[in-house]
Amino acid sequence: MTSFTNDSKIEQEPIEITGSEAVIRSLIAEGVDTIFGYPGGAIMPVYDALYDFRHILTHVLTRHEQGAVHAAQGYARVSGKVGVCIATSGPGATNLITGIADALIDSTPLVCITGQVVSGLLGTDAFQESDVIGITMPVTKWNYQITSAEEIPEAISRAFYIALSGRPGPVVLDITKDAQFAKLSYSYSKCIKIRSYVPEYPADKSLLKKASELINEAKKPFVLYGQGVMLSGGEKELASFIEKTGIPAAGTLLGLSAIPTDHPLNMGMLGMHGNYGPNIKTNECDLLIAIGMRFDDRVTGSIKTYAKQAKIIHIEIDPAEVDKNVKTDVALIGDARKTLRLLSRLVEEKQHPEWVAEFRAAEKIEIEKVINDDLKPSKPGLTMAEVIRMVADMTENQAVVVTDVGQNQMAAARYSKFMTPRSWVTSGGLGTMGFGLPAAIGAKFGAPDRQVVVFTGDGGMQMTIQELGTISQENLAVKIVILNNHFLGMVRQWQELFFEKRYSFTEIKSPDFVKVAEAYGIPGNSVHNRSELENAMKVMIDHDGPYLLEVNIEKEDNIFPMVPAGLSVSQIILSATDLK
């Protein structure tokens, strides 16, 4: 058994209980209030123990294990706490893999507990046995198989510490059935340190000084902020830093909501479908300050041409991300909040009005060539943009916005407005279709007092549509907006632009979504015309409980601007005609 008693804090005197009860008591000791899961044979002892604690812990029965892990992700993203999900062995465990992989690349803290066959049957291909440790090793921050009851408290304590410390991520604990049944002398110790594990590095004063000098000397500095700002709790520090230095800033897809959309120095979103100004100015700035982001290929476009004219400062907690894609001049390894606080003390108060004006000039071009037509279209068909902006207006920009993946995601990122941190939940690095609906379930449990709206496409909706049953059973006031273009929209857009409109297997037939929702006891409506939209939207927003609104949009409604794959960010296009 791995022991870390010297690095932990004892919280209670020992009591004699089963391993399964130890699992539940350990979760409670970690402050867990909500679990998402699906029972089965190998995890049944834990579920039996949970029965006696159901007045303390809320268990949400999803309709599929993938729904459970995505719900745990949504919960973690809006609450800032560790998301917890439970599944049985074999297919129960393997059904979690997509969500675990998604959580790893998007730095979402999860503890996933799986049941396993009795230890004596390990390696025998027993019924519903799978090598959970081997399968999850590449997609977890840490994983561990528990084969004796005595290991349970320490392993769970360690799991929560690893999941949330440093760069957050998913942890898997695989517990054999005999370990769940066996007795142990139970006490719980919260893990506060693990030998050889360094989740956070101290600030390097000489590098801070060097970074501040580059910032003070820069004429055209530019801040790129990512989700690491929110994961560190550094939203106020980011705002203070850009306000003191006068530096314009733009967010990655996952960085959205770290600072308010209407902040005078917030220039929008970076990346393939980001805003025009942030993309072209990346290749014009003289200093790039990246904070809590990893230079994903969807942000950089062609690495060969990315910001070659600029000095680069990278503030990042994970040393593995530094110099991985983009070579830096100064690497500040550490927590974003703490690093920004220290750096802000060293930088001079400045303003860059002419440089900021260049961004605003680019914004005007985007408004004229893209945004006006998206929000006030000349075509009779509805656009994604006008639907999303109407939701933003009707919720006074205070809703938690959850999305699936594809055009609905990019449109929601562009046309939602955020005033509060942790208001944006989407699948970034893995781009998981089917993420939206179950993630919205978790988001509502994580922020029960906030309005939660999920935007999904007709394709993504059908990947996890069974989670309507979870929403119905829990009577969750999740508002579901299906942007239905009768295609796998993002793939269709690429086929239109780059494959001569050869729409190969992207047209998709859907059920009557309203009738499906009604079969689950969820009211809904389907809108085809602009004249119907506002009233239908108001009914949805005002409804006390879950509601599904299908909006039939223009079939060939595309998302622009766009940086075509392999091109430079400065080659961003504003319409299809720019490709000719």
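For reference, positions follow the sequence shown, starting with 1.
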- Message: For Lys220, run the salt bridge (charged side-chain N to carboxylate O under 4.0 Å, His left out) check against Glu358, Glu354, Glu284 and tell me which one passes.
- Response: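 So the option named by the test is Glu358.
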
NZ/NE/NH1/NH2 to OD/OE distance under 4.0 Å, [X] and [Y]:
{"X": "Glu349", "Y": "Lys244", "result": "no"}
{"X": "Arg167", "Y": "Glu321", "result": "yes"}
{"X": "Lys209", "Y": "Glu213", "result": "yes"}
{"X": "Glu243", "Y": "Lys236", "result": "no"}
{"X": "Arg294", "Y": "Asp296", "result": "yes"}

Could you grab the distance from atom [atom1] of [X] to atom [atom2] of [Y], nearest 0.5 Å is fine?
{"X": "Gln495", "Y": "Glu500", "atom1": "CD", "atom2": "CD", "answer": "12.0 Å"}
{"X": "Lys369", "Y": "Phe560", "atom1": "NZ", "atom2": "CZ", "answer": "13.0 Å"}
{"X": "Gln462", "Y": "Lys509", "atom1": "CD", "atom2": "NZ", "answer": "11.0 Å"}

Pair [X], [Y]: side-chain N/O donor-acceptor within cut-off below 3.5 Å:
{"X": "Ser240", "Y": "Ser344", "answer": "no"}
{"X": "Glu554", "Y": "Thr383", "answer": "no"}
{"X": "Gln398", "Y": "Thr420", "answer": "yes"}
{"X": "Glu235", "Y": "Tyr225", "answer": "no"}
{"X": "Asn558", "Y": "Glu496", "answer": "yes"}
{"X": "Asp323", "Y": "His314", "answer": "no"}

- Query: Going through the checks in order, is the side-chain contact (heavy atoms from CB on, under 4.5 Å) test met by Glu507 and Lys555?
  - Reply: CA-CA 10 Å; Glu507 190 165 6; Lys555 282 189 175 185; 4.1 Å; yes

Output a table of donor-acceptor pairs, distance under 3.5 Å, between side-chain atoms of residues 249-257 and any protein atom two or more places apart or on a different chain; print 'none' if there are none.
unit_1: Thr252; atom_1: OG1; unit_2: Gly255; atom_2: N; d: 3.0
unit_1: Ser257; atom_1: OG; unit_2: Arg422; atom_2: N; d: 3.2
unit_1: Ser257; atom_1: OG; unit_2: Ser423; atom_2: N; d: 3.3

- Taking every heavy atom of Thr506 against every heavy atom of Val491, the minimum-distance pair comes out as CG2-CG1, 3.5 Å

- Message: Taking the side chain as everything from C-beta on, heavy atoms only, tell me whether Leu488 gets closer than 4.5 Å to Arg492.
- Response: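 With C-beta onward as the side chain, the pair stays apart.
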
- Task: Check whether any side-chain heavy atom of Leu332 lies under 4.5 Å from a side-chain heavy atom of Asp204, and answer yes or no.
- Result: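 No - every pair of side-chain heavy atoms lies 4.5 Å or more apart.
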
- Under the criterion side chain to side chain contact (heavy atoms under 4.5 Å, CB included), which of Val322, Thr300, Ile303 is the partner of Phe295? Thr300

- Task: Just jot down the ring-ring contact (aromatic ring centres under 6.0 Å, His included) partners of Tyr201, sequence neighbours excluded, or say none.
- Result: none

- Intermediate values then yes/no, side-chain contact (heavy atoms from CB on, under 4.5 Å), Glu386 and Arg530: CA-CA 10 Å; Glu386 60 183 316; Arg530 189 166 287 111; 2.8 Å; yes

- Are the ring centres of Phe499 and Trp494 closer than 6.0 Å?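 Judged by ring-centre distance (under 6.0 Å), Phe499 and Trp494 do not meet the cut-off.
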
